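Structure first, commentary second.
Reminder, nothing fancy here: chain letters follow the sequence lines and each chain counts from 1. Predicted model only: the values in this text are computed from it and were never measured.
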4 protein chains.
Amino acid sequence: MVVLVKPNAEESELQKIIKQLEKNELELTIMRGIECTAIGLIGDTSQIDAEQLMLNPIIERVMRVQEPYKKASRKFHPDRTIIKAGNAEIGKDKTFTVIAGPCSVESKEQIEEVALSVKNSGAKLMRGGAFKPRTSPYSFQGLELEGLELLKGAREKTGLPIVTEIMSPRMVEIFDRDVDIIQVGARNMQNFDLLKELGKTKKPILLKRGLSSTIEEWLMSAEYILAGGNPNVIFCERGIRTFETYTRNTLDLSAIPAIKKLSHLPVIVDPSHSAGMNWMVEPLSLAAMAVGADGLIVEVHNNPAKALCDGAQSLDMPQFADLMNKLKKMGNSLGINV
Amino acid sequence: MVVLVKPNAEESELQKIIKQLEKNELELTIMRGIECTAIGLIGDTSQIDAEQLMLNPIIERVMRVQEPYKKASRKFHPDRTIIKAGNAEIGKDKTFTVIAGPCSVESKEQIEEVALSVKNSGAKLMRGGAFKPRTSPYSFQGLELEGLELLKGAREKTGLPIVTEIMSPRMVEIFDRDVDIIQVGARNMQNFDLLKELGKTKKPILLKRGLSSTIEEWLMSAEYILAGGNPNVIFCERGIRTFETYTRNTLDLSAIPAIKKLSHLPVIVDPSHSAGMNWMVEPLSLAAMAVGADGLIVEVHNNPAKALCDGAQSLDMPQFADLMNKLKKMGNSLGINV
Amino acid sequence: MVVLVKPNAEESELQKIIKQLEKNELELTIMRGIECTAIGLIGDTSQIDAEQLMLNPIIERVMRVQEPYKKASRKFHPDRTIIKAGNAEIGKDKTFTVIAGPCSVESKEQIEEVALSVKNSGAKLMRGGAFKPRTSPYSFQGLELEGLELLKGAREKTGLPIVTEIMSPRMVEIFDRDVDIIQVGARNMQNFDLLKELGKTKKPILLKRGLSSTIEEWLMSAEYILAGGNPNVIFCERGIRTFETYTRNTLDLSAIPAIKKLSHLPVIVDPSHSAGMNWMVEPLSLAAMAVGADGLIVEVHNNPAKALCDGAQSLDMPQFADLMNKLKKMGNSLGINV
Amino acid sequence: MVVLVKPNAEESELQKIIKQLEKNELELTIMRGIECTAIGLIGDTSQIDAEQLMLNPIIERVMRVQEPYKKASRKFHPDRTIIKAGNAEIGKDKTFTVIAGPCSVESKEQIEEVALSVKNSGAKLMRGGAFKPRTSPYSFQGLELEGLELLKGAREKTGLPIVTEIMSPRMVEIFDRDVDIIQVGARNMQNFDLLKELGKTKKPILLKRGLSSTIEEWLMSAEYILAGGNPNVIFCERGIRTFETYTRNTLDLSAIPAIKKLSHLPVIVDPSHSAGMNWMVEPLSLAAMAVGADGLIVEVHNNPAKALCDGAQSLDMPQFADLMNKLKKMGNSLGINV
């Protein structure tokens with residue numbers, strides 16, 4: 001971190017800042033020029049609140065060189081984190097894990113049929129929404145606890161671990177007990193109250209990127225969970241909000257190599273929500289593997305035309321089987337197990 | 001709402017959709033062309049889930065003519081809603097209400113000194129953060145319940161009602177009891193769990209716009225609160241996330257006339273967080289009045305250089321007094337009471 | 001400018017960079033820490049190509065402290081630039097200049113009627129498109145040279161100077177001869193070929209902000225014109241592209257105080273194109289004055305329903321007269337001449 | 001296209017609009033409901049100016065069903081366009097064409113060394129900037145005509161066709177004579193004057209997507225060239241401007257399947273400019289192939305540390321050779337020739 005001091009700063013004020021900074025366990029270097037002074041800080045600067053520093057009227061600018069996160073950073077944890085759930089090892093080298101299932105859990109028959117089918121096609125975990133974040137209060141909000149029970153039934157039948165979204169800190173205890181991977185949706189990526197509660201568990205957390213969250217903010221949200229004591233976070237890129245309206249969101253595949261470079265945590269891709277159109281799922285899924293993602297979370301339905309939400313973006317079961325075949329074939333050429 | 005049916009749709013499928021739509025209390029008109037058929041729906045279409053309709057493979061496109069919200073809509077409620085708190089009447093015609101106070105509550109002396117000062121300058125309510133949403137888990141998170149007590153003390157001394165941010169549905173009961181206006185921060189604008197809980201109270205809710213929320217999504221979040229039974233919502237524009245980095249966010253002042261046209265609910269402006277620089281607060285505040293906002297929420301501090309957060313964006317007390325004088329002067333020329 | 005050198009850089013490579021930097025007329029200060037070295041550069045760093053520096057593999061990061069523009073910077077030119085055209089003095093303290101006229105020049109009668117009317121209401125210059133940038137090749141492209149002649153006729157009748165858009169470097173000579181202020185549209189803000197040609201004239205240039213241009217890029221485009229020898233640039237904020245679709249673009253009024261702080265050049269606001277809806281023109285115009293703009297460019301038509309383009313965003317002549325009255329009234333309270 | 005008429009519209013006004021619309025060669029269907037009337041337009045509606053229609057005060061909304069472009073549309077041209085240059089057939093099924101070369105042409109030795117090297121690695125065309133669009137007037141602007149001569153020399157030596165950027169309509173004649181594919185840069189995507197000039201040639205045009213251009217606007221810019229008589233357009237996705245700052249721009253790979261669905265024209269990807277970091281070029285290039293692009297344009301340098309611009313984003317020659325090997329291997333598994 002480099003702190004630039006204003007040209008006309010008084011020496012006594014400068015000394016106060018230096019004393020304040022010396023309280024942290026950091027190495028300080030003072031650079032004095034004719035018109036300006038800079039202070040270099042070396043060490044774990046993630047504890048420094050840059051905004052607070054900026055309050056001091058003699059400070060011109062604070063520039064971070066290191067990232068403001070530590071536990072999520074690859075610099076401090078060069079070994080990759082592997083998250084295990086059922087047979088899946090998400091984040092393992094040369095391994096591509098596919099999570100699949102319907103947008104919403106709708107009935108026992110539906111979730112069991114889809115779970116069985118995606119398992120047969122090669123999915124390692126199933127997804128399915130029980131609590132649904134909907135823009136309108138008048139839209140279907142999910143089967144809620146009943147949906148959770150249906151997911152548990154499907155898990156019993158198929159052995160597939162459950163990935164499902166949490167919407168309230170009040171549900172953490174139930175999800176910690178019943179669910180295998182807890183999904184935090186894009187709209188809750190900076191619901192810090194929820195993140196703190198999830199940090200108290202040891203359950204793997206699938207942390208979706210917020211619609212307008214920078215990669216750094218996303219890493220900081222993971223840092224909330226890690227700082228709370230839960231080391232099991234999987235990132236999920238699901239598209240960001242841009243001016244483009246042809247796709248529902250703009251899938252930012254550059255975020256995958258970025259996360260792999262900056263963090264030791266796994267990162268997967270959601271090609272269904274980003275595009276919002278099922279015919280785009282296949283090319284985006286292949287691209288996700290090619291760009292280096294650790295896996296996918298894909299919406300699959302037994303009858304998209306009747307889905308209670310987001311049907312237009314779901315694959316049907318044969319389309320999903322076909323996608324898995326293409327992923328396996330491409331994986332072969334790249335030495336990746338699907 | 002206009003539903004366009006694909007050119008090659010079978011008549012039997014079309015009849016199924018028509019029957020399904022006739023279940024709602026809406027007037028249907030069928031338009032048949034040589035290549036395409038359209039279905040017009042007239043009435044309260046906010047109950048129709050357009051996404052669900054789009055699932056049907058014979059439907060080409062669904063176009064809303066009316067807004068998907070009803071209780072927040074001015075069409076259904078032509079009279080403006082006025083929210084009362086202390087002496088303030090937010091949303092009253094020709095009235096401009098200013099809320100002011102520190103970013104964070106830091107101490108008894110601080111909050112009382114600032115509250116007294118902003119009251120003397122003409123603020124009608126005080127703000128102050130007790131629970132703070134921070135990007136980093138290592139940044140100061142607020143004095144929490146202790147901060148709430150300090151706010152109550154300052155209210156007792158000054159008579160100014162309290163505006164403060166809630167971060168958890170588990171705090172709704174306490175906030176409903178202790179606070180005068182409950183603020184929902186930008187990051188929680190689509191925390192539907194929290195919105196639903198707030199909809200069960202009758203407390204005025206200051207609903208900040210999400211960083212990447214459209215005006216329609218913002219109205220839909222208000223609809224969540226209104227649909228729950230709480231008619232007291234105040235919108236607060238606080239800047240949106242764009243590519244521009246000179247300002248922290250881009251204050252969207254066009255949203256003010258938009259909200260005034262679309263909704264009967266009041267809308268105020270936060271010039272402090274949007275710009276992130278205190279020298280921009282005055283011009284943006286004057287612009288907020290000129291563009292038709294119902295008021296402001298402004299950060300004011302007794303000593304910005306020592307503030308525990310966001311100091312660079314706070315006005316000090318003399319700067320705030322000066323701002324209030326300019327607002328009163330401009331208000332005079334426009335027939336607006338400050 | 002601060003150049004951070006990588007921790008493991010070899011001394012010989014560092015010395016090469018230092019030598020390279022010493023070739024510029026800048027004061028260098030070298031800061032050596034245990035793990036990292038920084039080089040401070042003081043002086044006119046606008047000549048330094050930061051991207052080129054970043055090529056050197058031993059450089060970690062280059063951070064600008066000063067702006068990369070000089071001629072457009074207020075630091076180097078504290079006195080404000082005033083652009084004169086006809087009776088107008090754009091950029092003069094406490095002066096608000098209004099430019100008004102139709103989107104497109106359509107006929108002699110139309111442009112003369114509108115010009116006369118806006119003059120009577122208080123506009124100091126007239127606008128009118130002869131060459132029109134249209135997204136579709138099938139849309140009306142303007143009357144072109146014939147439109148320019150009609151503008152000249154209207155100028156003769158009313159005395160109002162002409163503001164009109166140029167689309168090609170091949171037209172610079174004609175525009176320099178015939179037009180009073182040459183407008184560069186948003187889509188051409190980084191048409192560097194055109195900017196260089198305009199820099200060779202002395203004609204005032206109205207430089208619209210690009211749809212996705214940062215404030216810094218906008219200043220750099222002005223720098224192109226200034227560096228070419230033409231000191232007469234007026235900035236025009238006309239809305240930026242964001243995710244919001246309710247308004248055509250998002251008017252960034254924060255850009256006005258930003259430009260006033262960073263540059264000595266005048267800046268005006270286009271409330272017609274940004275919103276794209278005529279009922280928003282009045283509140284945005286009042287806000288533009290309140291936020292400190294030097295003026296407006298407003299679309300006014302004699303019969304919006306028949307306009308060949310953009311009619312829905314134009315005011316009719318009585319609406320414009322009404323707007324001018326409100327601007328004058330508000331100007332009175334702020335000591336601003338309209 | 002569906003035109004919605006306002007509920008209270010007078011019959012005589014409605015008849016006027018109908019008459020106006022009947023002048024086009026379109027099939028009209030009138031839908032009358034109790035409160036609202038809609039007019040359906042079937043046929044080639046690309047000639048209809050929706051904005052102009054919206055001017056009519058009795059029209060509530062105009063909704064396009066068909067795209068506003070025709071010559072670029074796949075609906076009207078189901079066969080894919082293949083652009084030939086040298087040995088390359090860009091857009092041919094199961095073919096992936098790589099264009100490679102330095103950001104800027106710097107010297108005879110440099111361009112010839114790089115051209116020879118990328119040819120040996122499998123590139124089918126060479127790129128190299130002679131005229132450079134730079135944000136700052138003080139940055140290196142390219143060797144200009146001298147650079148063009150050096151490119152011609154390198155073509156003679158290697159047989160690789162030249163792809164280089166044009167910045168001015170005044171250069172069209174020279175480029176048409178000397179260059180094999182003319183590149184239109186992102187900043188000039190809506191430089192309509194330039195597009196019109198290029199439409200008069202038969203030369204293949206590489207049309208980069210504008211930084212904030214929607215897919216539809218991009219197609220409309222191609223339509224300008226096609227409407228002028230030049231059918232040879234190649235799209236190039238190079239990243240869009242978003243709030244994310246980690247990458248220079250956000251590569252929108254969803255745009256590739258979108259363009260393939262909407263248009264018959266080829267589309268390639270520029271992984272160098274979008275990310276701005278050379279270590280991201282490989283994963284993004286593989287993703288581009290996987291997502292269905294017709295090829296790549298990649299920056300390659302003989303000595304990135306000394307490049308006069310954009311070095312940090314260039315691959316060196318061995319890195320490029322390595323990339324080509326990976327592309328060939330992955331191409332094999334997908335049946336794609338590189």
Margin query: Please output the residues of residues 279-287 of chain B in contact with chain C, using a heavy-atom cutoff of under 4.5 Å, in numerical order.
Written below: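 Checking residues 279-287 of chain B against chain C gives B:W279, B:M280, B:P283, B:L284, B:L286, B:A287.
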Margin query: Looking at C:K92, I want to see if its NZ is surrounded by more than 12 non-hydrogen atoms of other residues, nucleotides or ligands under 6.0 Å.
Written below: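 Check fails, neighbour count at 12 or below.
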Next item on the list: Kindly check if the number of other-residue, nucleotide or ligand heavy atoms within 6.0 Å of NZ (C:K260) is above 12?
Entry: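 Yes.
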Next item on the list: Select, from C:A288, C:S213, C:S274, the one with the greatest count of heavy-atom pairs under 4.5 Å involving chain B.
Entry: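 Of the options given, most contacts go to C:S213.
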Check: Most heavy-atom pairs under 4.5 angstrom with chain B, which of C:K329, C:K261, C:M289?
Finding: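 Among C:K329, C:K261, C:M289, the one with the most close pairs to chain B is C:K261.
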[X], part contacting chain C, at a heavy-atom distance under 4.5 Å:
{"X": "B:L262", "answer": "side chain"}
{"X": "B:A258", "answer": "both"}
{"X": "B:T247", "answer": "side chain"}

Next item on the list: Calculate, to the nearest 0.5 Å, the distance between atoms OG and CG belonging to B:S254 and C:N249 respectively.
Entry: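 CG of C:N249 is found 9.5 Å from OG of B:S254.
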Do [X] and [Y] come within less than 4.5 Å of each other through their side chains, counting heavy atoms only?
{"X": "C:L251", "Y": "B:L253", "value": "no"}
{"X": "C:T242", "Y": "B:T250", "value": "no"}
{"X": "C:F243", "Y": "B:T214", "value": "yes"}

Margin query: Only pairs of heavy atoms separated by less than 4.5 Å count here; which of B:T245, B:L334, B:I256, B:N332 has the most with chain C?
Written below: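 Going by pairs under 4.5 Å, I would pick B:L334.
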Notebook entry, point to check: Between C:E244 and B:D252, which heavy-atom pair has the shortest distance, and what is it?
Noted result: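 What the structure gives for the nearest pair is CG-OD2, 4.4 Å.
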